[in-house]
Amino acid sequence: MDFRAIEEKWQKKWAESGAFEADPAAGRKKFYLTAAFPYPNSPQHIGHARTYTTTDAYARFKRMNGFNVLFPMGFHVTGTPVLAMAKRVAEADPEIVSIFKNIYKIPEDVIPTLNEPVKLVDYFSKEIELGMKEMGFSIDWRRKFYTYDPEFNKFIEWQFHKLKEKGYLSTGAHPVPWCPKDDNAVGAHDTQGDIDPEIDEMVLIKFPLKDPPDESVLCATFRPETIYGVTNLWVNPEAEYALIELDKNNYWVSSEAAESLTLQFPQLRKLKERKGGEFLGKTALNPVTGAAVPILPASFVAPEMGSGAVMSVPAHAPYDYLALRDLERAQKQYAIPQPIQVLKLDGFGDFPAKEIVERMKIAGQSDAKAEEATEEIYSREAHTGVMVAGKYAGTRGAEAKEKIKADLVSECKAIVIHEIINGPVKCRCGARACVKMVEGQWFINYNDEAWKAQTRKELAEMSIVPGKARADYEYTVGWLKEKACTRARGLGTKFPFDRTKVIESLSDSTIYMAFYTVAHRAKKLGAQKLTPEFFDYIFLGAGSAKKAAEGAGIAESDLSAIRSEFLYWYPLDSRHSGADLIHNHLTFFLFNHAAIFPEELWPKQIATNGFVLMEGSKMSKSLGNILPLRAAIRKYGADIVRFSVVSGAELGADSDFNQAMADGVSSRLKWMASLIEENCARKGEGAQKKAIDAWLLSRLHRRIRKITRDFASLMLREITQEAFYASINDLKWYFRHTEGNRETLSEFYRAWVLLMAPFAPHACEELWEKMGEKGFVSAAAWPEADESRISAEAELANEIVEKTAEDIAHIMKLTGKKPSAIRLFAASPWKRKLYSIARNEKKFDLAMKKAMEDPEIKARAKQAGKALQLLIKDFGGLKPSVPSQEEEMRALSDGAGFLEKEFSAKVEVSGEGAEASPEARARAEKAMPLKPSILLE
RNA sequence: GCGGGGGUGCCGGAGCCAGGAAAACGGGGGAGGCUUAAGACCUCCUGCCCAAGGGCUACGCAGGUUCAAAUCCUGCCCCCCGCACCA
């Protein structure tokens, strides 16, 4: 079977016939599902294929179940990453060129042409679309749009008007990572090494100098509660310091800090500069305790961090302790102060910093282990430490920290700044990223309690797959606060209330599923005609239809047709994405639907999936193990890739893609295809029907029933196990018994092709056609489980034969005997009675008592006792009912031909008690229900 | 720290919610078959012991409940993910 040729053939046929273009059809039940649209800043890899294949298999399943299925796709181009990437291409950044060339195999002459955001987006979106088509995704491409399309912009503007009307938008100041050189906000994609700058609050405590008293040193700290333990201040003697004026106060900070702090305090003015060394030996005053503390030199103080000066708490800060120890060893000029305890920490004495430094044998302040020690002590003191100094003595470290911080600020003894805490983070231009307070920042108020309540209601009513993820959504709904929703640059939609800003990317992709339903209509009308009244009417049925129709320049009847089109598809039946979007996009999706749409149009389900691993490890650019989707298709074929990415694990878990597994899928698929082709070409009826035919069909229908049920909760791994591996193993077992009956096989193959069609649609279309079926298998009816074919008896009969065969093989192996004849004895009827007594009574003595009431059993009390012991021991494994001796003999006789073939020996079946010799008798007595005794001769 | 998920053979992982033959299914490894050979394919084996289908050991650790615990309960240890304004 030539997978690639077949794929092309059917993709062409689907496209030509518009097989997946979905329009409203009166009276026909619909199913509308979407997957998170891709961000085209690079080609997609097999990891992306998982979400889309999951969605597509589900779409195909629903379609085969008679639903009118809509599965659209678009492209998300909003935001700054494409800007950064195009810029890097324009500058021929060797790293990005290498990734494009070596990982994504982009032709070398193409790479330099991707030097503008729009060109980049255009190239990659086409690449992604092609890949999706090559995967055979049943997408209605007529509805495709980009988030910078003017029609979409109008839609997003409308959305933000709605949010504003509801009072969900606000403005304020907001700290963002900033590059002072580029004068721009920086995200992870703008930094060297793709480091995401993390911002946290830092406290700058004012330590007035003894002389002159109107100047203070600002000391930066994350632990204001340790103010009681300050023994001295640290400055870096090599650094430059500046006296700044801020809100009528004069402070000393490092010159670097003076620069970066202007981003947070534009009113700040620099007065004069001085070398750090000049402070040494001076004295400052602790603003809380009033203690006089000396200013000492330390090399670990980074001038660019915080204010470039810090307070020293040697009892609790390993760096401070180390710097003091270093200083003591280096000179005799300064007196070395003694540590002062602030917190009590279990497992430590009065000075935890000193202890950990000694325990870890840290050499000095430049030893890398100092960082580790700091983290350990900080974390433990915050969570388990208890204050022993100051007015909050007795409270926990973390609690005291917040209280003392608030006190210092309200008493004007400290100011709060924001700092990048995982720094230094460098912008790609080389400058160090700082924090800027952006004024006039717009927010979406996800902290609104009434809104949260609505969202919780929506969530409670919807289906979450896998169910385990529900707690994640609940938690996220709870902790979401104001979300900054605009940025200074990027592709997308201009913010309607401040056109100098662009709506940020996670905020313009929350209700776009509604837009798909009318995207092709909107495009035809053109952006100018898409007035707020138009959207009000078609999405909410609000306002005047007449006015909306006039604005759109269409007849009222056409407008209401668009409205009905939306109402036909909405609400969304299933939303699909990677599980990583739960904490942002998917929860925003819930919030925005709750805010804008009436309850009956809220989404019904969200399904999220884990990642795809490559040969057991996470795909990453640095490992170079990213498998681009189109390369995978060329290597394995679309059906193999599709099957592999969804069959490896259930949705909630990460799934591994590996060569061995793909090869296994490929060879099995080829084997099935060749069998089906052979069966089609077959003349005559083949072998006669036997017990095993009924067994095969029983198993088949049982599987159909299970698969159909499992689709409701998208248990794709379970489904693929059943439909593929387990079914194929059944078939192999069947062929060990018989050459195959044509009618049985035809029924089996037809159902198998239908069951596999959602996963391997190309091969299944081809086989469907070969079987002489009309139309697309993609549009064929899903098979129904025929309950009358499901036979527990047939399956049990086979199980007896199978187990017996295993036992025979085991005995042969142990004894090394190669029998010429095998005699099987089915257990006597009285043992079957004993079996059910054992099962009902559960305990030996009770069961024995009960058994003795039966004269037939009582007559063989000794033998029965032994048999009962065996049964009770295995109590948990006893079946609710066992076949009669005759039934068991029939099952064994049906399987006799098979056993004869397997063991090349004559097989004779009889009931226990029919044996001739005493030797045979002794053997036969061991027979138990479902476990015939075996005599090898 | 907070929230979530998870520790089962050589590996990936079923089984846990609804306690009752643990290791399904897929890999990897081994033996044999087919084949000129390789590959593909087929059969068997892959915790330990076993000369008649048997026995013993095992689901992170330690307890508990139960006739019966991977599964339920308690405590502990360890690993992974998220904690944003970024797609």
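Naming convention: chains lettered A, B, ... in sequence-line order (proteins, then strands); numbering from 1 in each chain. The shown structure was predicted, so the numbers you read here are calculated from the model rather than taken from an experiment.
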| message | Is there a side-chain contact between R668(A) and the phosphate of rG27(B), meaning an N or O under 4.0 Å from OP1 or OP2? | response | yes

| Can you check whether S667(A) has a side-chain N or O nearer than 4.0 Å to OP1 or OP2 of rC41(B)? | yes

Please pick, from [options], the nucleotide with the shortest atom-to-atom distance to any side-chain atom of [X].
X: N729(A); options: rC25(B), rC50(B), rG82(B); result: rC25(B)
X: K873(A); options: rC86(B), rG12(B), rG55(B); result: rG55(B)
X: K879(A); options: rA21(B), rC86(B), rC85(B); result: rA21(B)
X: A471(A); options: rA87(B), rG82(B), rG4(B); result: rG4(B)
X: H810(A); options: rC42(B), rG53(B), rA87(B); result: rG53(B)
X: Q721(A); options: rA24(B), rA21(B), rG20(B); result: rA24(B)
X: R717(A); options: rA24(B), rA84(B), rG20(B); result: rA24(B)
X: K842(A); options: rG12(B), rG20(B), rG53(B); result: rG20(B)

Considering every strand and a 4.0 Å limit on heavy-atom distances, what is the contact class for [X]: base, sugar-phosphate, or nothing?
X: T476(A); result: nothing
X: T815(A); result: base
X: A660(A); result: sugar-phosphate
X: K813(A); result: nothing
X: N584(A); result: base
X: R487(A); result: sugar-phosphate
X: R736(A); result: sugar-phosphate
X: E482(A); result: base
X: G187(A); result: nothing
X: I582(A); result: nothing
X: K618(A); result: nothing
X: W671(A); result: nothing
X: Y725(A); result: sugar-phosphate
X: P38(A); result: nothing

| said: Assuming nearest nucleotide by heavy-atom distance, tell me which of L506(A) and L935(A) is located more 5' along RNA chain B. | reply: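 Residue closer to the 5' terminus by nearest nucleotide: L935(A).
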
| task | Using heavy atoms to find the nearest nucleotide of RNA chain B for L480(A) and L613(A) separately, return the residue whose nucleotide is more 5′. | result |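 Its nucleotide being nearer the 5' end, the pick is L613(A).
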
Separation of the [atom1] atoms in [N] and [M], to the nearest angstrom:
N: rU43(B); M: rA52(B); atom1: C1'; value: 23 Å
N: rG15(B); M: rA70(B); atom1: C1'; value: 8 Å
N: rG20(B); M: rC2(B); atom1: C1'; value: 40 Å
N: rG19(B); M: rC25(B); atom1: C1'; value: 24 Å
N: rC11(B); M: rG28(B); atom1: C1'; value: 7 Å
N: rC42(B); M: rG60(B); atom1: P; value: 34 Å
N: rC17(B); M: rG27(B); atom1: C1'; value: 29 Å
N: rG82(B); M: rA87(B); atom1: C1'; value: 15 Å

| note | note: I421(A), atom CD1; rA84(B), atom C1'; distance rounded to Å ~ 13 Å

| task | Check whether the side chains of Y146(A) and S125(A) place a donor and an acceptor atom closer than 3.5 Å, and report yes or no. | result |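 The answer is yes; a qualifying pair exists.
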
Should [N] form a Watson-Crick or G-U wobble pair with both distances under 3.5 Å, which nucleotide is its partner?
N: rG20(B); result: rC67(B)
N: rG82(B); result: rC2(B)
N: rC41(B); result: rG33(B)

| request: Flag the pair T486(A) / Q441(A) as yes when at least one side-chain heavy-atom distance between them is below 4.5 Å, and no otherwise. | output: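 T486(A) vs Q441(A): side chains touch.
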
| query | Given Y446(A) and F591(A), is the ring pair (Phe, Tyr, Trp, His ring centres under 6.0 Å) satisfied, shown in steps? | reply | CA-CA 8 Å; Y446(A) 290 122; F591(A) 266 96; 4.9 Å; yes

| request: Would you mind listing every salt bridge (Lys or Arg N to Asp or Glu O under 4.0 Å) that reaches into residues 476-488 of chain A, with sequence neighbours excluded? | output: K483(A)-E504(A)

| request: Before accepting this row, confirm whether a basic side-chain N of the pair E650(A)/R717(A) lies closer than 4.0 Å to the acidic partner's carboxylate O. | output: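 Here E650(A) does not pair with R717(A) in a salt bridge, since their nearest N and O are not under 4.0 Å apart.
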
